There are 2 protein chains.
Amino acid sequence: MDTDDELTIDAPHRELLDQILDKWSLSILNELCERPCRFNELRRAIPQVTQKSLTATLRRLERNGVIEREVVSTRPVAVRYRITPLGKTLRHPIDVLLTWAAQNMPAIERAREGFDARGEGADL
Amino acid sequence: MDTDDELTIDAPHRELLDQILDKWSLSILNELCERPCRFNELRRAIPQVTQKSLTATLRRLERNGVIEREVVSTRPVAVRYRITPLGKTLRHPIDVLLTWAAQNMPAIERAREGFDARGEGADL
DNA sequence: CGGTATCCTACACGATACTG
DNA sequence: CAGTATCGTGTAGGATACCG
């Protein structure tokens with residue numbers, strides 16, 4: 001437990017994590033880890049996301065090399081997104097994160113209630 | 001590797017992760033995992049953060065029960081922040097994340113260059 | 001020292017309309 | 001189907017000043 005970790009978080013790391021842990025990326029990656037998806041499949045899988053945000057997020061993930069965009073020139077066009085080998089290396093970190101969230105959600109909720117009951121952050 | 005993960009990301013999970021993986025939380029938690037810190041120690045450790053953002057982030061982390069705030073009523077007051085047992089459970093997820101970032105940064109940078117060179121996202 | 005209180009601005013994000 | 005274009009808004013977060 002005392003792995004003496006000297007990991008720091010410099011700007012490039014922060015920027016990278018911002019691009020991959022942002023509002024929609026986690027859901028998209030989680031989805032694409034299970035199977036390749038077309039654009040509208042993703043929309044249905046993540047109903048809250050708008051076209052615009054989905055497009056933007058997909059582009060960003062593609063730019064970072066974690067997903068791939070393949071255009072099938074049928075009629076009408078089909079576009080299929082899939083995870084890349086690099087993207088697959090994200091699966092473990094994401095799983096760890098989601099598992100943590102699932103396991104600790106109750107404790108977090110209790111903590112919030114206690115905090116809020118004391119009115120220490122009435123404006124949060 | 002085929003753990004058949006059916007982890008989904010519903011709103012509460014997303015909200016929770018947003019509060020803990022946001023711009024400054026990772027740096028703060030990473031710092032507090034190593035030692036308790038006073039307010040201005042944290043500012044020095046993370047020079048880019050402003051007072052306002054640091055205060056806000058600390059409050060949010062406190063609300064979620066992952067850090068503790070102890071006021072030492074000396075003259076002038078001292079305030080010491082420390083990680084809680086619940087917060088310590090975050091160390092592994094964070095380490096996994098930072099390790100991933102460190103290991104894959106070069107690959108990501110190459111992917112970005114390739115993408116940008118093709119001009120596919122001239123406006124990103 | 002460890003914060004609040006204001007003010008301000010960029011940008012993330014949603015809503016809506018249109019297109020090859 | 002898979003986007004692009006345009007507009008409008010909320011708000012995260014920086015700059016600055018002040019306080020117990």
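Given the structure is predicted, the values throughout are model-derived calculations rather than measurements.
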Checklist entry - How is B/R75 classified with respect to the nucleic acid when contacts are heavy atoms under 4.0 Å: base, sugar-phosphate, or nothing? => result nothing
Checklist entry - Can you hop from A/V71 to A/I83 via hydrophobic side chains spaced under 4.5 Å? => result yes
Checklist entry - With sugar-phosphate meaning primed atoms plus P, OP1 and OP2, does A/R69 contact a base, only sugar-phosphate, or nothing at under 4.0 Å between heavy atoms? => result sugar-phosphate
Next on the checklist: Do A/R69 and A/L58 have side chains that approach each other closer than 4.5 Å (heavy atoms only, starting at C-beta)?
Outcome noted: no
Checklist entry - What is the distance from CG of A/N40 to P of D/dG3, rounded to the nearest Å? => result 9 Å
Next on the checklist: Distance check needed: D/dA12 P versus B/L54 CG, whole Å only.
Outcome noted: 17 Å
Checklist entry - What about A/L54 and A/I67, same hydrophobic cluster or not, with Ile/Leu/Val/Met/Phe/Trp/Tyr joined at side-chain heavy-atom distances under 4.5 Å? => result yes
Checklist entry - Under 4.0 Å between a Lys/Arg side-chain N and an Asp/Glu carboxylate O for B/R118 and A/E62? => result no
Checklist entry - In whole Å, what is the span from the CD atom of A/E41 to the P atom of D/dA2? => result 8 Å
Checklist entry - In whole angstrom, what separates B/Q19's CD from D/dG13's P? => result 12 Å
Checklist entry - Does A/N104 reach the main-chain N or O of A/W100 with its side chain, forming a donor-acceptor pair under 3.5 Å? => result yes
Item to check | ILVMFWY network linking B/L61 to B/V49, side-chain heavy atoms under 4.5 angstrom | outcome: yes
Checklist entry - Can you check the B/R43 CZ to D/dG13 C1' distance for me, whole Å? => result 14 Å
Checklist entry - Does C/dC1 have OP1 or OP2 sitting under 4.0 Å from an N or O in the side chain of B/R38? => result no
Checklist outcome for this item: Protein heavy-atom contacts under 4.0 Å, written 5' to 3' over nucleotides 7-20 of chain C as B (base), S (sugar-phosphate only) or - (none), form the string B-----BBBBB---
Item to check | Phosphate-side-chain proximity, A/Y81 and D/dG3, N/O vs OP1/OP2 below 4.0 Å | outcome: yes
Checklist outcome for this item: When rounded to whole Å, the CG to P distance for the pair A/D18 and D/dA12 reads 15 Å
Checklist entry - Tell me: CG of A/L58 to C1' of D/dC1, nearest whole Å? => result 14 Å
Checklist entry - Under 4.0 Å: is that the gap between some side-chain N or O of A/R59 and OP1 or OP2 of D/dG3? => result yes
Item to check | Whole-Å gap separating C1' (D/dC19) and CZ (B/F39) | outcome: 14 Å
Next on the checklist: Tell me whether B/D18 is salt-bridged to A/K23, with the criterion being a basic N under 4.0 Å from an acidic carboxylate O.
Outcome noted: no
